[in-house]
2 protein chains.
Amino acid sequence: MAKIQGKKNSTKKEVIIEKASKLFREKGFGAASMRDLAENVGVEAASLYNHIQSKSEILQTICFKVANEFMTNLEQVESSSESTLKKMEAIIRLHIRMMLDQYEFIYISDHEWRHLPEPYLSNFLSQRRSYRKRLGDIIEEGIAKGEMKHIDPYVAVLIILSAVSGIDSWQRSRKSTSAEALETNMVKYLIEGLKK
Amino acid sequence: MAKIQGKKNSTKKEVIIEKASKLFREKGFGAASMRDLAENVGVEAASLYNHIQSKSEILQTICFKVANEFMTNLEQVESSSESTLKKMEAIIRLHIRMMLDQYEFIYISDHEWRHLPEPYLSNFLSQRRSYRKRLGDIIEEGIAKGEMKHIDPYVAVLIILSAVSGIDSWQRSRKSTSAEALETNMVKYLIEGLKK
DNA sequence: GAAAAATACTAACAAGTGTTAGCCGTCGAT
DNA sequence: ATCGACGGCTAACACTTGTTAGTATTTTTC
């Protein structure tokens, strides 16, 4: 029953989702067609439906895979016994690294979630809201403990998340700056801005 | 020859572009249809073509209007005789304010430029590259003059532009934080991260 | 090797896409 | 009063969309 198609030991469904993520990023979810996708997979459009149920199921899979991964990692950080600054640094580094090596998935989760059908859309947004809230709580704690400067936690979260998400416009022109330098400099900037 | 339709003294073409910007933001350029737009304007789809030439002409108009506005303001700042820190602060404040009161236009210019047809796409991207380069030059000068901490200028620009662009996800949930507080806190964070 | 399950294909659907042609009414200018 | 431009309308075009039915072909299981 299992199939070992594609390049490595991955389901055809996984291959489809991988190709789709590349396509969705390039053209946007709305402008990417199933016939486009089929051609990239090397198959006729109708054949895709033996592995997936609909176009938007692909989007759902990608968005929630990313959301869950971030959520899981946040819980791990939260339950650690580091300082609040170290916690934020860990989260920032994680975001940067995921952006670097799961670029396509994260880009789509960041930019194409608008096209999720209900009730997934509401679900996704509520998960996102919760994530940001919990990041804000860490910063609030950091301020209370005197480890961070007095700043609106929500604005700080906004800046941090937007900044790492902006790496997408670096991805193409990765000429001058290396990945390590990018991470180092970003952490420097973003953490210095928090420190008291 | 001029017509005084819409609400204020604005051309019908301007009304169309305004409605379109709202629609493109909500559904994305690809998913927004001309019939959708027509309905919002209060007219049949075909009638739109008495005022515009194509769907993508609308996108071009919006994208280049925004790009030119930013470019003009950058030139003004560049030619001033303020310190490099003041220059960056002025630019950041300008970005935030434009994001607040020209939200729809800027959002589209930020997120939907991918759908520009050539040669406008290349043109747009080159203008964007130039803008970032010149911002980076200001920061480089700030470092050389000892006003800013040693940081990769390109990364700093990336962070700043992404952060202000991220205000879009604030726009909807503008409950807790006021516009002034948002600006104050953002400037605080972003400038503190630069200062030596 | 036969039976069964999985997955490919072709053809087609109903709906929606941007856009054009051609027509008709409403104005302001001559 | 007439002309001509303007801007609205209806119909239609040529295509693309996501998706389904039905059938053939390949692959797995026994």
Side-chain angles (χ1 to χ4, degrees), chain A residues 1-7 9-24 26-63 108 112 114-118 120-121, chain B residues 1-7 9-24 26-63 108 112 114-118 120-121:
Chain A
M1 54 163 285
K3 38 266 90 356
I4 301 142
Q5 213 121 1
K7 31 185 75 172
N9 51 351
S10 49
T11 303
K12 190 128 204 177
K13 179 167 185 175
E14 288 170 344
V15 173
I16 290 175
I17 290 177
E18 198 181 330
K19 296 282 187 186
S21 69
K22 207 163 291 188
L23 199 66
F24 290 174
E26 285 169 3
K27 315 186 110 182
F29 178 78
S33 79
M34 295 301 274
R35 286 168 180 83
D36 263 357
L37 175 56
E39 194 175 358
N40 278 19
V41 176
V43 97
E44 288 303 313
S47 308
L48 296 172
Y49 289 83
N50 284 322
H51 304 91
I52 59 160
Q53 285 190 329
S54 67
K55 188 187 181 188
S56 73
E57 190 213 21
I58 302 179
L59 186 60
Q60 294 161 32
T61 305
I62 294 174
C63 287
I108 290 163
E112 305 291 336
R114 271 166 214 274
H115 299 96
L116 283 172
E118 291 288 6
Y120 302 97
L121 179 59
Chain B
M1 58 160 287
K3 41 256 92 346
I4 302 144
Q5 214 122 0
K7 33 184 75 171
N9 50 353
S10 49
T11 304
K12 190 125 204 178
K13 179 167 183 174
E14 288 171 343
V15 173
I16 291 176
I17 290 177
E18 198 181 330
K19 296 283 187 186
S21 69
K22 207 163 292 189
L23 198 66
F24 289 175
E26 286 169 3
K27 316 185 109 181
F29 178 78
S33 79
M34 294 303 273
R35 287 168 180 83
D36 262 356
L37 174 56
E39 193 175 358
N40 278 17
V41 176
V43 97
E44 287 303 312
S47 308
L48 295 173
Y49 289 84
N50 286 322
H51 305 91
I52 59 160
Q53 286 190 328
S54 67
K55 188 187 181 188
S56 73
E57 191 213 21
I58 302 178
L59 186 62
Q60 293 159 33
T61 305
I62 294 174
C63 287
I108 289 162
E112 305 291 335
R114 271 165 214 273
H115 299 98
L116 283 171
E118 290 289 5
Y120 302 98
L121 179 59

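Quick note on labels: first sequence line is chain A, next is B, and so on, each numbered from 1. In this text, all values refer to a predicted model and were calculated from it rather than measured experimentally.
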Next on the checklist: Please determine whether any donor N or O and acceptor N or O are separated by less than 3.5 Å between the side chain of A:Asn50 and the base of C:dA6.
Outcome noted: no
Checklist entry - Over how many whole Å does the gap from A:Glu44 atom CD to D:dA21 atom C1' extend? => result 16 Å
Checklist entry - Are OP1 or OP2 of D:dG8 and a side-chain N or O of B:His51 less than 4.0 angstrom apart? => result yes
Checklist outcome for this item: note: A:Leu37, atom CG; C:dA8, atom P; distance rounded to Å ~ 12 Å
Item to check | Residue A:Glu118 excluded, over 12 heavy atoms near CD under 6.0 Å | outcome: yes
Next on the checklist: Below the 4.0 Å mark, does D:dC6 have OP1 or OP2 next to a side-chain nitrogen or oxygen of B:Lys12?
Outcome noted: no
Give the table of side-chain donor-acceptor pairs shorter than 3.5 Å for residues 31-39 of chain B, with sequence neighbours excluded, one pair per line with atom names and distance.
residue: B:Ser33; atom: OG; partner: B:Arg35; partner atom: N; Å: 3.4
residue: B:Ser33; atom: OG; partner: B:Asp36; partner atom: N; Å: 3.0
residue: B:Asp36; atom: OD2; partner: B:Lys27; partner atom: NZ; Å: 2.8

Checklist entry - How would nucleotides 16-23 of chain C be written as a contact map, 5' to 3', with B for base contact, S for sugar-phosphate-only contact and - for no contact, using protein heavy atoms under 4.0 Å? => result -BBBBB--
Checklist entry - Once you round it to whole Å, what is the distance between P of D:dC9 and CD of B:Glu39? => result 12 Å
Item to check | Short side-chain N/O contact to C:dT7 OP1/OP2 from A:Ser47, under 4.0 Å | outcome: no
Item to check | ring-ring contact (aromatic ring centres under 6.0 Å, His included) partners for A:Phe24, two or more places apart | outcome: A:Phe29
Checklist entry - So, for A:Cys63 and A:Ile108, which heavy atoms are closest and what is the spacing to 0.1 Å? => result SG-O, 4.5 Å
Item to check | Between CD1 on residue B:Ile58 and CD1 on residue B:Ile16, distance to nearest 0.5 Å | outcome: 6.5 Å
Checklist outcome for this item: Output for pair (A:Lys13 NZ, A:Glu57 CD), nearest 0.5 Å, gives 4.0 Å
